[in-house]
Amino acid sequence: MSDLMAAWRDALAGAGGTDPGGVAGAALLARWREPHRAYHDEVHLTAMLSTVDSCAAMADDPDLVRLAVWFHDAVYDPAASGNEEASALLAASELAVLGVAEEKIAEVARLVRLTTGHAVADGDANGALLCDADLEVLSRPAAEYQIYTAGVRREYAHVPDELFRAGRAAVLRNLLELPALFRNPELAARWEAPARANLTRELATLTA
C-alpha cells in the first residue's frame, strides 16, 4: 500500500494537487479493493501504473495519464452501465477538491472516458498510452491471460453462462476487428501479435 500511496501522491503533485494525510488516495484505493472485483482490482491498477511509468516518455503529460489510471475504474459495478462516465465525474469532483487546475482535470476526465471504447484519435499521446496500458493484459502469456479471463468471469458471476459466452464473444470480435489494438508502435510491435493470438484462442473456446 505504501508504494501505491507514494505513486498517488507523486502523480497528484505532478498535476499541481495535494492530498493532506493521504485521505483521498486511501479512499480511492479502497474502491480498487472492493470485494466484487476479481480483475479490475489493485493488481490491475498496479500493472497499469507500471506500464505508464516504463513508457512515460510516450505521453505528453504522464502524470495526468497516471491520474487517469487511478480513476478509470474507480467506479466499477459489473451489473451497471456507465461506469466510465461515473468514474470521470468522480475524477473531476475529487481532483477539484485536491487543487488540480481546471484544464488538467478536464484532461483526466477525458482520458477516463476514452476507456469506454478505447477509440484514440491520431496524435493523442496521452490517450494512446492510457488505452495501451489498459489493454496490455491481452498480450500476456497464455497462463496469465487465462487468469485474467477467469477474473472477468467471476466479476460477471451474476450472468448466466450462455449469455456471458455470447456477450464475451461479441467483445472479442469487436477487438479483433480493430485495425490495431495498440497505438504506440513500440508497444504494438511487442504486444499486437500475442494479444490477437490470445483473443482468437479464447473466442474459439466460446463459440465451439
Side-chain angles (χ1 to χ4, degrees), residues 4 27-52 68-94 108-120 127 130-183 191-208:
L4 277 174
L28 191 54
L29 184 56
R31 289 178 172 272
W32 287 91
R33 291 175 168 171
E34 292 166 337
H36 66 274
R37 297 173 183 251
Y39 167 67
H40 296 87
D41 58 8
E42 182 180 351
V43 175
H44 175 54
L45 169 66
T46 302
M48 284 189 66
L49 289 172
S50 178
T51 296
V52 173
V69 170
W70 272 95
F71 281 101
H72 84 287
D73 282 327
V75 178
Y76 185 70
D77 178 359
S81 60
N83 287 321
E84 292 86 359
E85 179 61 23
S87 294
L89 293 173
L90 177 68
S93 63
E94 288 290 313
V108 173
R110 181 190 74 83
L111 291 170
V112 171
R113 291 185 174 101
L114 274 185
T115 62
T116 304
H118 299 93
V120 180
L130 177 68
C131 290
D132 284 0
D134 198 21
L135 296 181
E136 175 272 335
V137 65
L138 303 180
S139 72
R140 293 182 189 172
E144 294 182 37
Y145 183 83
Q146 289 174 359
I147 293 172
Y148 148 69
T149 58
V152 172
R153 183 66 185 104
R154 288 197 301 276
E155 289 182 344
Y156 285 86
H158 60 283
V159 178
D161 191 56
E162 183 177 350
L163 291 178
F164 177 82
R165 290 167 67 92
R168 179 69 179 171
V171 169
L172 299 182
R173 289 191 188 96
N174 287 338
L175 288 169
L176 287 167
E177 288 171 1
L178 292 173
L181 293 167
F182 302 102
R183 285 79 178 172
W191 294 346
E192 188 79 20
R196 288 189 176 276
N198 281 330
L199 292 170
T200 300
R201 185 173 53 251
E202 184 190 359
L203 181 60
T205 67
L206 293 170
T207 57

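Just so you know, these numbers come straight off a predicted model, no measurement behind them.
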Worksheet item: Are side-chain heavy atoms of Y145 and L199 found at a separation under 4.5 Å?
Response: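 Side-chain contact under 4.5 Å: yes.
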
Worksheet item: Is there a side-chain contact (heavy atoms from CB on, under 4.5 Å) between T207 and R173 once you walk through the steps?
Response: CA-CA 11 Å; T207 57; R173 289 191 188 96; 3.4 Å; yes

Taking all non-hydrogen atoms of both residues, which atom of [X] and which atom of [Y] are closest, and how far apart?
X    : Y    : value
A74  : W32  : N-CZ2, 4.2 Å
P78  : Y156 : O-CE2, 3.4 Å
R165 : L206 : NH2-O, 2.9 Å
L114 : A119 : CD2-O, 3.2 Å
S139 : N198 : C-ND2, 3.9 Å
L175 : L181 : O-CD2, 3.4 Å

If you measure from [atom1] on [X] to [atom2] on [Y], what distance do you get to the nearest 0.5 Å?
X    : Y    : atom1 : atom2 : answer
L172 : E177 : CG    : CD    : 11.0 Å
L4   : L28  : CG    : CG    : 10.0 Å
F164 : H158 : CZ    : NE2   : 10.0 Å
W70  : L45  : CH2   : CG    : 5.0 Å
D134 : H72  : CG    : NE2   : 4.0 Å

Keeping [X] on the side-chain end and [Y] on the backbone end, is there a donor-acceptor pair under 3.5 Å?
X    : Y    : answer
T51  : A47  : yes
T205 : E202 : yes
E155 : H40  : yes
R196 : L176 : yes
T46  : E42  : yes
D41  : H44  : yes
E136 : M48  : no
H36  : Y76  : yes
E192 : F182 : yes
R37  : R31  : yes

Discussion item. Run D161 and R153 through side-chain contact (heavy atoms from CB on, under 4.5 Å) and show every step you take.
Written reply: CA-CA 9 Å; D161 191 56; R153 183 66 185 104; 3.9 Å; yes

